[in-house]
Amino acid sequence: MGTKPLTYEGCNFLRQRLILATLSGKALKIKNIRSKDDNPGLKDFEASVIRLLDKITNGSNIVVNETGTSLLYHPGLLIGGNIEHECNLQRSIGYFLEVLMCLAPFTKKPLHATLTGVTNDQVDPSVDMIKLSTLPVLKRFLGTDDGLELKIVKRGSAPEGGGEVLFQCPCRQKLRPLHFTQPGKVKRIRGVAWVTRMAPATANRVVDAARSVLNTCLPDIYIYTDHMKGPQSGKSPGFGLTLVAETTEGGFYAAEMASNPKGSDKGPTVPEDLGKQAAVYLLEEIFKGGCVDSVSQGLTTLLMVLGQQDVSKVQTGQLTQYTIQYLRHIRDFFQVLFKVEVDPVKEEDEDLKKGGEKLLLTCVGVGYSNLSKKVS
Amino acid sequence: MDEKQDNKKAHRKRHAGPKAEKKKAKSDHKQDLDPRQRNPRAFSIQHVKKTQKIVQRTQDLKTKKQHIPIVDRTPQEPPPVIVAVVGPPKVGKTTLLRCVVKNFTKQRLTRIQGPVTVVSGKQRRLTLIECNNDISSMIDIAKIADLVLLLVDASFGFEMETFEFLNICQVHGFPRIMGVLTHLDTFKDSKRLRKAKKRLKHRFWTEVYQGAKLFYLSGMVNGEYQKMEVHNLCRFISVMKFRPLVWRTTHPYILADRMEDITDPEKVRKQSKCDRNVSIFGYVHGTHMKNNINVHIPGCGDFTIHDMNFLSDPCPTPDREKRRTLNDRERTIYAPMSGVGGIVYDKDAVYIDLGGSHSHHEQIKDEAEAEPINELVSNLMSISSPMDEKITHSEVALYSQGIKQTVQESIDKESEDVPAENGRVRRRAVFKDETYEDDDDDSDNDSDYDVSSEEEDKNIQIGKFKQNKKKSPKTDKGMDGIEFADTDDEITSTATDRRIKTLVKTKTSTGNKIGKISDDEDDDYDDDDDDEEEEEEEEEEGYDSDGVDEDSDISSVYNSDEEEEHEENNMNVKRTFAGKKELGKSPSAKVADDIDTDEEVTFNLKEKVTDDHKTVISTKLKKSKSKLSDKTMSGELNRDMPSKQKKLDEVVKGQQVESDSDSSASENDSESDSEQDVGVTVEENVTKDDKTDNNSALRQKLMQLSQESWTEESRRIEFQRQDEDEGVDELEKAIRGDHSRKTVEEADMEVELDGSLHWKHDLASQAAANFRQRQADRVNYRKLIYGKDEGDADDGSKEQVEDEIGGLFRVLKQKSEARSLDRLAINSTDCTKCHMHTASLDTVEQLRAMIVDCFVTGKWEESKDAESQLQKDDEMYGDFEDLETGETHAAGERGGMKGEEEEDTDQDSEGEDHDGEVNNDAEGEPKKKTKKEMTSEERRADKKRKLKEMFDSTYDMKGDTEFYDNWKEENEKQAQMNRSVFEDMEDEQRVQYEGFRAGMYVRVEIHNVPCEFVTNFDPTFPVILGGLLSVENNVGYVQTRFKKHRWHKRILKTQNPLIFSLGWRRFQSMPLYSIQDHNMRNRLLKYTPEHMHCHASFWGPITPQGTGLLAVENVAQVTADFRIAGTGVVQELDKSMQIVKKLKLTGTPLKIYNKTAFIQGMFNSSLEVAKFEGASVRTVSGIRGQIKKASKTPEGSYRATFEDKILLSDIVFLRSWYPVEVPQFYNPVTSLLLPGDQKQAWTGMKTVGQLRRERGAKAEFSQDSVYKAIERKTRIYTPLVIPKQLQKLLPFKDTPRVAMEKKETVQRVAVIREPHEAKISKMVRKLKSIHEHKCRMEHRQMRDRVADHQKQRAKVDAVRTKKQKELKKNVFRMLGKMNKRNSRNMKD
């Protein structure tokens, strides 16, 4: 029973490793975490993730050495239930939410998590983005969306935070295999322009700028403005835009941009620039294409592997570095290789301008089932 | 006559007139109405409840038929069906198995051990396996068997084993079960036979299912069952259908049909108890099996698969040919453990099976018993290198008496064992509902049977002895004309024989055995391999007894596979170099090894053994070697490596002279890998000459070769060949040949030899396959994703060079630029979002141009575009003619005419309905043009189909089955996809994506297996590799719904160890039984309920919920009772468990105020009290209260309030719940590791009761709990005193009686009346006394009067009664007279 732990070096892709270790039940050892850095060891936000993991599992054993440069993790079983977590302000809630989304379907009790911290920043996918693009992917695997909810109670932008998010996810015994190879065409573009602790007019300026770019592509565009007031608006000023393009087959491409945080050396952001840039990012995302966007690729591949012993197939755009690493880790933990091939374009459709190369990811699930949930 | 009739006028019907009209009216055809239409009221719902019931019932029946649809994951070529033959001993399992094998293969197997795989039909193979009478084996077999042949001795009836097995099956998914009744010929009376059959059948049906198939094997003919009966049975087996079982469809498993020890022999020599590396062979069953997963071997433990690869199917299904039956060639059989299976190729070597591979264990014993004289020499032959050990050994050998004694003892022991074995008490399964009419008869039979079997066994044993004795001369004869005086000679002869074999065959081995022997010969000096020689002999024996002529066999084999052998040979040469453990597979190397060992023997002997022994042996060696050389020279294969042979020959000769042993040794060295074999083969004093140099050079080269892609390899080898010396050159040639012929698979294997180069072997092997694809794709994603990072890891392992300064500080060396970048990468930010945006506002126009068609506004694909779809329609239906206007429309105009066309079809249909003429026209016209005809018909068909679909969707498919059908369809689609996605891929690649699919024959390498697994290997016990899913190799708390088996005699106690069978595993653990209260509290139970489910929680392996489990108290003991203690199902898994037991804390009042009391003795500290503040307490008398607060003194006391004042004598209770910990005890049953005879007697942790019973100890108890006679003091109560205040308030009737009495005691006060008052009172008293007197008188008179009256009445009554009596007397006399008279009259 005492198999050797899988050993990795460095803190990069820490979340992936922790997630996979938890799901596969394998022990994990990470060495040389910033061992050459001036400030060695785990950072606060990483410690925070580990603490979050500790909250939703039972019986896991985490050993961090004195300097924090190495970590040994013996996973327990996923419990879920009601949890509250104060996310570290160095990273936004999205960073933590991505961990929860991977684990939530396999908990003992449906997860009901309240996360507080930074909802939007420039580094991680914001809560809006996850809500608009990753949640539909999760829904596909779960089958239905009753009980699946991501609610932004308070918004809090970058340096100070003060936001609050409620994430609810039902747990399942088994996931459904995914077959999603026809992305369809973009039929509408929606978005949220949010402002905290600034003039509400900023949002309108952002929206106008974004529309100016996008209107040439599609007429069906609607961007909501979300101006939170009072205690709901967090502690620091900021604004941003999250755009999502929905295809006829239910695929979502999301892109976003957030203003520079207060006190950053880049200076204040011009709303018009931000709007236009976000729109361009969206077009780029559409260029990449596929059935899931680049942010959700990792989750998609993971949940494909955790399905029954059936073939799952999904079309994606160009893989991100994060996804590639995910695929490698999946092989280490679950011995599953993905068949990655370029989606062949039909001869008659060759002249269509559909953006970049599309990939077909095929894999056979490992026959994973939720071992925590009680059956009677 | 006829003519007359003919002349008659025929009847003519009326066609007009009233009669005709009447008839017409009668025959006027009305529409046929069914009764329902004619009389609708009769069919209306009259009883609502009844109708509802009927409808409900039909629906129920319908739904009952439906199974939950599951995705069909059976592969195209399914694995062999595992057919297990199960039953108690002496029911004829082996005989049946032998008959079945014979039926399928036309071969008679003498001894069957382990699984036998046969081809049973064009589509199906069977793996037949016998289950011995051991509960562990039964459990294991029940987990893997697809079909069970359950043998029952009809003359005896069902035995407990049968029912135990059925219950085991029920828990682990129910495989198909077919009953087989044997020993039916013991019934002499046909009526009793019929009755017995019927009784057994019905009992079997209640256990399995109604109508389960039961076969009757009526009798034996020549020790076999009747051919037709077996044939029928086999036909049933080969058409049996199976339902997928949940556990098996989610877990891969392998039933090992072959096991090889591939440990480095040197390691074994150094430490005989070291962990072994083994390779296990078998078919994958269940689902896909991934490489490097964890497996559980029941009875052994958990292991990680070190390596896994697939081999060619040794027992392939004969496909393609369209014939009904199989021909004899296709009736293959594969059973390596029983020594059948022909030639086997695998990574280690190629094996030619000749005898039973694992049969030697038993035979060793026999051999030793038969020929104890050989002991001495055989011991000498197998002596290990250390001198002192050898001395001891030789001593042992010389003291022959001692040995004899031991032999004697062993024989004695066996003879003692026999009755014990045979005297096995049959465990009849008796049930209340069954009555055995023929009980006594049975017992008679039984005893007879036992005796006879006992005798039989003895006979068999004797026979064995005889056989052994007979065989030994036979083997002697086998050697051409050389007569051997003792076994020593035999040994050498066999050795030579084998050497010859190996040379001629080039593939060496007689099954794995010979492979092993070659090893054995390598480490002849190993201590534990004392009986190697015997083994050899034995094999020889088996070989002979098989009746196969050795040489002819060899030659035939050779001829048939000449080419392959050659190739194989080359491969083997290479392998030996590459550092694998299987040494000496190539003839040259092998010979060298052999020689080496021989040399060793002579060497040793020279040193140690007495002179005459030495001479004998050496002469023998000489002989054998000369013979060998002759043979090899004459052998066909000599042309392969003549020079080598010669050289070796020389070496052999030179060896006797003992002049140039050095060179031979170095030769050996060069041939076998130095890393492993230096210690074995060469003495330390060997000087390294240039040959060893060559060796190292070669090895280096090989390393290089393996690291490069194979295309480069061959070129390089060619190049290098030129500048290498002769010996190396030759070998290289071999390698080259090897390479050029090697399949990709082999390349794979080879590269893997290097261990660390796993990723590269992928690349190398697939380079060719992927080449074209790689050309086509710009990026090879596979390489990008899976190739690169391993390379990085590789780099990582190479680094780390550190310097030390002054032994204290370390200076890290500066890394190269690349390294430091890598360092950055491993510690860079972990983020999902891709921040490398290429687009900007400037390029937005270009970007937009590139994605124009991604929007709905853009151009659509051909298949989706509405316009193109329409065009397609046109092309399909072509031109049409407007029927009304008569104009023809071409396909091109279609676009504009669409609307009209629709109108047209409408009209068309209308025409069909109403107007026959138009219809005719429409049909008539198209006939002129063939195309048109087609289209119109098609159109109609299409229309019809559409209408039908519409109808179906509205009426037929609506409702009940729609959901179910959709679900099924979805699953079918998924199954189809599962099959097709990787179908066109090569197996090597496919295996990486989906794992080794079920039906593949694989070789699994497992490292660090306990040595007992190998040394105590017994093929009759099934070895199963059960694949575990990722989480399943963790342990945790398992909560199960558990029930004591109703046939188990005793209830089970909490925390008593039980042996569970759960998933693949068998393990011992300590369960806690609990039951859930209404408030979800898990309350501990001390014992399992008798007939109820409870929860059993224990520490064990995490297994998916819904998995069945089975508990046994003991696997070692065989009792008459039913052994299965309980069954259950996994409900929940967790890392912590909340089970509580009731705890009552008691205390006594210290001081009592009104309703407040201070309680002491319940807690020890105020901290404890603080935890229980607010808790409710109760006194014995039922007064409830609450804990308030801790008080200072004494420590642990507290203040509590009650609803009433309590007494000082009251005891105060606190009811609380105490969490109980489930003991973390998990002890896997390691029955496979035990030596042969103890395999069935695994004992784990014992219960306390068991221990006490064994040691005769009594349970400890506290004196307090002993029952004593209770002495009770009579209590004297203090009198109740009611306070005066209270008494005053009481109503008079409630005043205490005591008070009244007191009043009387008070003395009266004299009353002095006034004269007037006195007068009055006197008067009153007088009157009163007068009145009293008067009353008294009256009363007396009244009593007198009454008495008088009663007297008078009595008189009157007496008279009256007298009169009445007389009257009655008269009346009865009269009546009597009358009766008499009447009766007399009647008589007259």
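A note on names: the letters A, B, ... follow the listed sequences, proteins ahead of strands, and every chain is numbered from 1. Only heavy atoms go into these numbers, but all of them, side chains included; no hydrogens, no water, no symmetry mates.
- The CD1 atom of B/Ile785 lies 9.0 Å from the OG1 atom of A/Thr323; values are rounded to the nearest 0.5 Å.
- Proximity to chain A (any heavy atom under 4.5 Å) is restricted, for B/Ala849, to the backbone atoms N, CA, C and O.
- Rounded to the nearest 0.5 angstrom, B/Tyr993 OH and A/Thr362 OG1 are separated by 9.0 Å.
- Ranked by heavy-atom pairs under 4.5 Å with chain A, the first of B/Gln974, B/Lys290, B/Met977, B/Glu994 is B/Gln974.
- In terms of non-hydrogen atom pairs under 4.5 Å with chain B, the most contact-rich of A/His179, A/Gln16, A/Gln321 is A/His179.
- Contacts between B/Val71 and chain A at a heavy-atom distance below 4.5 Å involve the side chain alone, from C-beta outward.
- For a residue to count as touching a neighbouring chain, one of its non-hydrogen atoms must lie under 4.5 Å from one of that chain's; by this rule A/Arg17 does not touch chain B.
- Sorted by first and then second residue, the pairs that involve residues 844-854 of chain B and meet salt bridge (charged side-chain N to carboxylate O under 4.0 Å, His left out), not counting sequence neighbours, are B/Glu845-B/Arg848.
- Heavy-atom distances place no part of A/Arg188 under 4.5 Å from chain B, backbone and side chain included.
- In this structure the side chain of B/Val856 never reaches within 4.5 angstrom of the side chain of A/Asp220, judged on heavy atoms.
- Residues A/Ile79 and B/Asp1134 are in side-chain contact: their nearest non-hydrogen atoms beyond the backbone lie under 4.5 Å apart.
- The part of A/Tyr95 that comes within reach of chain B is its side chain, from C-beta onward, which places non-hydrogen atoms under 4.5 angstrom from that chain.
- With a 4.5 Å cut-off on non-hydrogen atoms, A/Pro125 touches chain B through its backbone and its side chain both.
- At distances below 3.5 Å, at least one donor-acceptor pair connects side-chain atoms of B/Asp830 with backbone N or O atoms of A/Arg15.
- The most heavy-atom pairs under 4.5 Å with chain B, out of A/Phe333, A/Phe13, A/Tyr8, come from A/Phe13.
- B/Glu1032 contributes atom CD, which lies 12.5 Å from atom OG of A/Ser24 (distance to the nearest 0.5 angstrom).
- Only the side chain of B/Thr287 comes within contact range of chain A, with heavy atoms under 4.5 Å apart.
- With contacts defined as side-chain heavy-atom distances shorter than 4.5 Å, the pair A/Ser60/B/Lys1135 does not qualify.
- Between chain A and the residues B/Arg1041, B/Gln1105, B/Met850, the most heavy-atom pairs under 4.5 angstrom are made by B/Gln1105.
- Of the two parts of B/Glu970, only the side chain, counted from C-beta on, holds a non-hydrogen atom closer than 4.5 Å to a non-hydrogen atom of chain A.
- For A/Arg176, the CZ atom sits in a loose shell: 12 or fewer heavy atoms of surrounding residues, nucleotides or ligands are nearer than 6.0 Å.
- Contact annotation for B/Phe982: only side-chain heavy atoms (C-beta onward) come within less than 4.5 Å of a heavy atom of chain A.
- In this structure, chain A has heavy atoms under 4.5 Å from both the backbone and the side chain of B/Leu1133.
- In this structure, A/Lys31 places its NZ atom where only 12 or fewer heavy-atom neighbours from other residues, nucleotides or ligands lie under 6.0 Å away.
- Counting only distance, with no hydrogens or angles, the side chain of B/Ser1030 and the backbone of A/Gly25 share no donor-acceptor pair below 3.5 Å.
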*Verdict with supporting geometry, B/Asn291 and A/Gln335, side chain to side chain contact (heavy atoms under 4.5 Å, CB included)*: CA-CA 7 Å; B/Asn291 203 345; A/Gln335 279 86 36; 5.8 Å; no
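- Looking at A/Pro219, the atoms closer than 4.5 Å to chain B (heavy atoms on both sides) all sit in the side chain, from C-beta outward.
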*asked:* For a side chain to side chain contact (heavy atoms under 4.5 Å, CB included) check, start with the C-alpha distance between B/Tyr786 and A/Phe338, then their side-chain angles and the critical distance, and finish with the verdict.
replied: CA-CA 9 Å; B/Tyr786 295 119; A/Phe338 272 78; 3.5 Å; yes
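- With a threshold of 4.5 angstrom between heavy atoms, A/Glu46 does not approach chain B through any atom at all.
- Not a single salt bridge (charged side-chain N to carboxylate O under 4.0 Å, His left out) links A/Lys313 to another residue, sequence neighbours left out.
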_Between B/Glu1132 and A/Lys108, does the salt bridge (charged side-chain N to carboxylate O under 4.0 Å, His left out) criterion hold? Intermediate values first, please._
CA-CA 9 Å; B/Glu1132 197 179 1; A/Lys108 192 180 282 269; 2.7 Å; yes
_Determine whether A/Val186 and B/Thr857 satisfy the following criterion, side chain to side chain contact (heavy atoms under 4.5 Å, CB included), listing intermediate values before the conclusion._
CA-CA 9 Å; A/Val186 174; B/Thr857 48; over 6 Å; no
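- The shortest heavy-atom contact between A/Ile286 and B/Cys854 is CG2-CB, 3.7 Å.
- One distance of note links CD of B/Gln992 with NZ of A/Lys339; it measures 13.0 Å at 0.5 Å rounding.
- Residue contact with chain B, scored on non-hydrogen atoms closer than 4.5 Å, is absent for A/His74.
- Contact of A/Asn370 with chain B is made through the backbone alone, with heavy-atom distances under 4.5 Å.
- Ranked by heavy-atom pairs shorter than 4.5 Å toward chain B, the options A/Val375, A/Leu299, A/Thr320 are led by A/Val375.
- Atom CG in A/Leu371 sits 8.5 Å away from atom OG1 in B/Thr1103 (nearest 0.5 Å).
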*So A/Asp310 and B/Arg73, salt bridge (charged side-chain N to carboxylate O under 4.0 Å, His left out) or not? Walk me through it.*
CA-CA 8 Å; A/Asp310 290 321; B/Arg73 297 199 177 92; 3.1 Å; yes
*Intermediate values then yes/no, side chain to side chain contact (heavy atoms under 4.5 Å, CB included), A/Leu23 and B/Val1031*: CA-CA 8 Å; A/Leu23 289 171; B/Val1031 195; over 6 Å; no
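- Contact tally against chain B (heavy-atom pairs below 4.5 Å) for A/Ile324, A/Val280, A/Val364: the top residue is A/Val280.
- Of the two parts of A/Leu78, neither the backbone nor the side chain holds a non-hydrogen atom closer than 4.5 Å to a non-hydrogen atom of chain B.
- Residue B/Lys973 places its NZ atom among 12 or fewer non-hydrogen atoms of other residues, nucleotides or ligands, all under 6.0 Å distant.
- If you take CZ on B/Phe855 and OG1 on A/Thr216, they are separated by 8.0 Å, rounding to the nearest 0.5 Å.
- Interface residue B/Val1130: only backbone heavy atoms are found under 4.5 Å from chain A.
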